[in-house]
Amino acid sequence: MNSKIRVLVRVRPQLASEKAHSSRTLQWDDHMVRLRLNNASAEKVYRFDHVLGPKSSQEDMYDAAGVEQSIASVLEGYHATLFAYGQTGSGKTFTMEGYSYERTNSTASRERVQSKANVAVASSRVGIIPRVIINLFDAIQTASVLKNKTYRVKCSCVQIYNEQVRRLILSEAHLAQILDLLNPAPTLHCQNRCLRLRWSPEHEFYVEDLTMVECESAADMMGVFHDAIKQKIMATTNLNAASSRSHCIYTLYIESSDAENPGVVTTTKFCLVDLAGSERIMKTGASGVTLQESIGINKSLFVLRQVIQILSDEASNGGTALAKSHVPYRDSKLTSLLKHSLGGNSITIMVVCLAPSDLCFEENLSTLQYAARAQCISNTPVKNADTQMVLVQQLRDQIKLLTHQLHDANTTIEWLKKQAAAAEKNHVLRPVLALDLDNQSDSEGPLSVFSDTDTELDDDLDLGSPSVVIVAGAVSPPKTAATKPARRPTHSAMFAVPEAPQEYLFRDPGMMLPALGGIASMLEVSFGFLWT
Ligand SMILES: Nc1ncnc2c1ncn2[C@@H]1O[C@H](COP(=O)(O)OP(=O)(O)OP(=O)(O)O)[C@@H](O)[C@H]1O
C-alpha cells in the first residue's frame with residue numbers, strides 16, 4: 001500500500017508587530033495558495049490537501065490534518081508521523097503545542113533572553129500534541145473493549161540542538177546530576193543530556209539510551225510532556241519572541257497485545273515533530289550563541305530539503321530513472337531520525353506554516369516549493385508485528401508456497417495421466433515398460449506394468465538397450481538386471497506400489513512421462529530417473 005505524504009498549509013494571523021507591513025503577496029482558498037511575485041506581473045499557484053487561514057482554530061487544524069485517522073492507524077499497527085515545517089515565527093510551535101511562552105532570566109540566559117512554556121492556557125488553544133495525547137487514550141479505551149486488546153503507552157522526547165540529540169525527559173538521577181553541575185563545564189553538562197544515534201537493521205536509526213516513560217493515563221502523559229517542553233531551548237530573536245532553537249521530536253509508543261495471545265506484542269510509534277524554523281540571519285539579527293544555533297538549524301533543514309527534493313524527483317520520474325539515487329538521510333541527525341517518515345514505512349502528515357507578511361515573501365516561496373515537492377513523496381506504510389508474528393507470517397507464506405507447488409505438481413500429474421490415457425486409447429504406445437522382476441511371482445508381483453489394452457508384449461520386443469531407467473522408491477544406480485528383457489505384462493493397470501526401490505526400464509522416452517506421473521500419483525516416495 002502506497003501513501004502520499006499529506007500536506008496541509010496554515011497561514012497564521014498577522015501579529016501586532018507586523019501590522020505596519022502589508023500582506024498582499026499571499027492569497028489562499030481552501031485548497032490553494034497563490035503567491036504573487038514582487039512585481040505583481042506573475043504569480044505562483046500551489047495546491048494542497050487543505051489550506052487553513054488565520055481564523056482557523058486549533059480544532060479546525062486538528063480535524064483538517066486527519067489526526068484522528070492517524071491515531072486509528074497507529075492502533076491498527078502502523079507508524080505515523082506529523083511534523084510542522086516553516087520559517088521561524090510562522091506558527092509551528094503554536095500549532096503543535098499551543099502554549100504561551102514567557103521570558104525568563106535564568107543564569108544560563110545571561111547572553112540572551114530565553115523563554116519557558118506556560119502550559120496553563122484555555123483548552124481551545126491547545127495544539128496538536130496535547131490533543132493527540134487525550135484522544136489517544138480515549139481511542140485506546142474504546143479499542144480495548146471492542147477488540148479485546150491490551151495496550152501500554154510510553155513516550156519519549158528529544159531535541160536536536162546544534163546536531164546533538166538531547167534528552168528532554170529527565171529522570172530524577174539526570175536532574176540531580178544537572179543540578180550538581182550548575183556551574184558546569186559545558187561538555188559535562190552535555191554528557192548528561194546528549195545521546196548517541198545508532199543504527200540497527202531492525203530499528204534503522206535510533207537514539208541510544210533514550211528515556212521512555214510509561215504512562216497510565218492522558219493526565220500522566222501530559223505531565224511528562226509539560227516537563228519535557230520546559231527543558232527545550234527557546235530564545236528571543238528579531239522574528240520571534242519565543243523561537244525554538246532546536247527540533248523537538250515527541251514520540252508515543254503503543255504496545256498492543258491480543259487477549260488470546262498476550263505474549264504477542266506489536267509496537268507502533270507516533271512521532272510528533274516541531275521543527276526549528278529556517279532563519280535568514282540578516283533578518284533574525286542573530287549573533288553569538290543564537291548565530292551558532294541558526295547555522296545548525298539551517299544546516300539540518302538544508303539536508304531535510306535535499307531529502308525531500310531527491311524523493312520527490314524520484315516520485316515524479318515514476319521511481320525509475322532516479323530509483324537508485326542516494327538519499328542523504330545520514331547527513332543530519334534530523335533526517336536520520338525521520339527516515340521512516342520520508343519515503344519510509346510511516347503514514348506522514350506535514351503541516352506547513354506561513355506568515356502572511358510581505359516581508360516573508362521569499363521564505364514563503366521556498367516553504368511552498370518544498371511543501372509542493374513533499375506531497376509527491378510516497379511512503380509505504382507497513383503493518384508492524386512483533387517477531388513471533390513475523391515468524392508465524394513467514395511460516396504461513398511458506399505453507400502457501402508449498403501448497404502452490406503441490407497444486408502445480410498435481411496438475412502436472414493429471415495432465416500426464418490424460419496424456420497417457422490418450423496415448424493408450426490411440427494405441428500409439430506399445431507396452432514398453434520392463435523391470436527387474438526376478439523376484440516377482442507370476443501371479444501377482446508387487447508391480448504391474450503399463451500396457452495398452454491388455455496386449456501382451458511382442459516376443460521380439462527388444463528391451464536390451466533401454467532409453468531410460470526410472471528408479472522408484474529411492475534414487476539408486478540402475479541394476480544391470482533392469483536392462484534384461486522383462487517378462488510379459490498382463491494388465492493395463494498402472495503401477496502398484498513397490499515394496500523396495502524398483503527400476504523401471506523404458507525404451508521409449510515418450511513413455512517415461514506417463515509412467516512417471518503414475519508412479520508419482522501413487523507413491524509418496526522419492527524417485528529419480530537416469531538416461532542411459
Ligand atoms: N494560528 C495562530 N493564532 C494566533 N497566534 C499565532 C498563531 N500561529 C502563531 N501564532 C503566534 O505567532 C508567534 C510565532 O509562533 P511560533 O512560536 O509558533 O512560531 P514558530 O514557527 O514555532 O517559530 P520558531 O521556528 O522560531 O520556533 C507566537 O507568538 C504565536 O503565539
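First listed ligand is number 1; within each ligand, the first listed atom is number 1.
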- Message: As an exercise, identify every atom of ligand 1 less than 4.0 angstrom from a heavy atom of G277.
- Response: 25 (O)

- Protein heavy atom at shortest distance from atom 19 (O) of ligand 1: G91 N, 3.1 Å

- Message: So if I count the atoms of ligand 1 from 1 in the order they appear, which ones are less than 4.0 Å from some heavy atom of Q87?
- Response: 21 (O)

- What one should report as the nearest heavy-atom pair of Y329 and G343 is OH-CA, 4.2 Å

- ligand 1 contact by R10, heavy-atom criterion under 4.0 angstrom: yes

- Item | Per-atom contacts of ligand 1 with T93, taking only distances under 4.0 Å to non-hydrogen atoms | 18 (O), 20 (P), 22 (O), 27 (O)

- Enumerated ligand 1 atoms positioned under 4.0 Å from heavy atoms of S244: 24 (P), 26 (O), 27 (O)

- Query: Does K339 make a cation-pi contact with F205 (under 6.0 Å, within 45 degrees of the axis)?
  - Reply: no

- Task: Look only at interatomic distance and state if A276 has a nitrogen or oxygen under 3.5 Å from any nitrogen or oxygen of ligand 1.
- Result: no

- Query: Taking the non-hydrogen atoms of G86, is any one of them nearer than 4.0 angstrom to ligand 1?
  - Reply: no

- Pairing of D313 and R373 as salt bridge, 4.0 angstrom limit: yes

- Lys/Arg-Asp/Glu bridge criterion (N-O < 4.0 Å) met for R245, E279: yes

- Item | 4.5 Å side-chain heavy-atom contact, S144 and T150 | no

- What are the atoms of ligand 1, with element, lying closer than 4.0 Å to any heavy atom of L15? 11 (C), 12 (O), 13 (C)

- Message: Strictly inside 4.0 angstrom of atom 4 (C) of ligand 1, do you find any protein heavy atom?
- Response: yes

- Message: Is atom 26 (O) of ligand 1 touching the protein, meaning some protein heavy atom lies under 4.0 Å away?
- Response: yes

- May I ask which of F94, Y99, Y101, Y85 has a heavy atom nearer to atom 18 (O) of ligand 1 than the others do? F94

- Message: Counting non-hydrogen protein atoms only, what is the nearest one to atom 21 (O) of ligand 1? Give residue, atom name and distance.
- Response: K92 NZ, 2.8 Å

- ring-ring contact (aromatic ring centres under 6.0 Å, His included) evaluation trace for H247 with F83: CA-CA 10 Å; H247 309 296; F83 68 98; over 10 Å; no

- Message: So for ligand 1, is N240 a polar contact partner (N or O within less than 3.5 Å, distance only)?
- Response: yes

- Item | Contact check, side chains of K333 and E163, non-hydrogen atoms, under 4.5 Å | yes

- Message: Out of all atoms in ligand 1, which are within 4.0 Å of some heavy atom of S90? Include the element for each.
- Response: 19 (O), 20 (P), 21 (O)

- Message: Distance alone, cut at 3.5 Å: any donor-acceptor contact between the side chains of T88 and N240?
- Response: no

- Any Lys/Arg nitrogen of D60 or K55 sitting under 4.0 Å from an Asp/Glu carboxylate oxygen of the other? no

- Are the side chains of Y85 and L304 in touch, meaning some heavy atoms are under 4.5 Å apart? yes

- Note on the structure: Within 4.0 Å of some non-hydrogen atom of P13, the atoms of ligand 1 are 1 (N), 2 (C), 3 (N), 4 (C), 7 (C)

- Subset of ligand 1 atoms that lie under 4.0 Å from at least one heavy atom of A242: 17 (O)

- Going by distance alone, is a donor N or O of one side chain under 3.5 Å from an acceptor N or O of the other, for N379 and S346? no

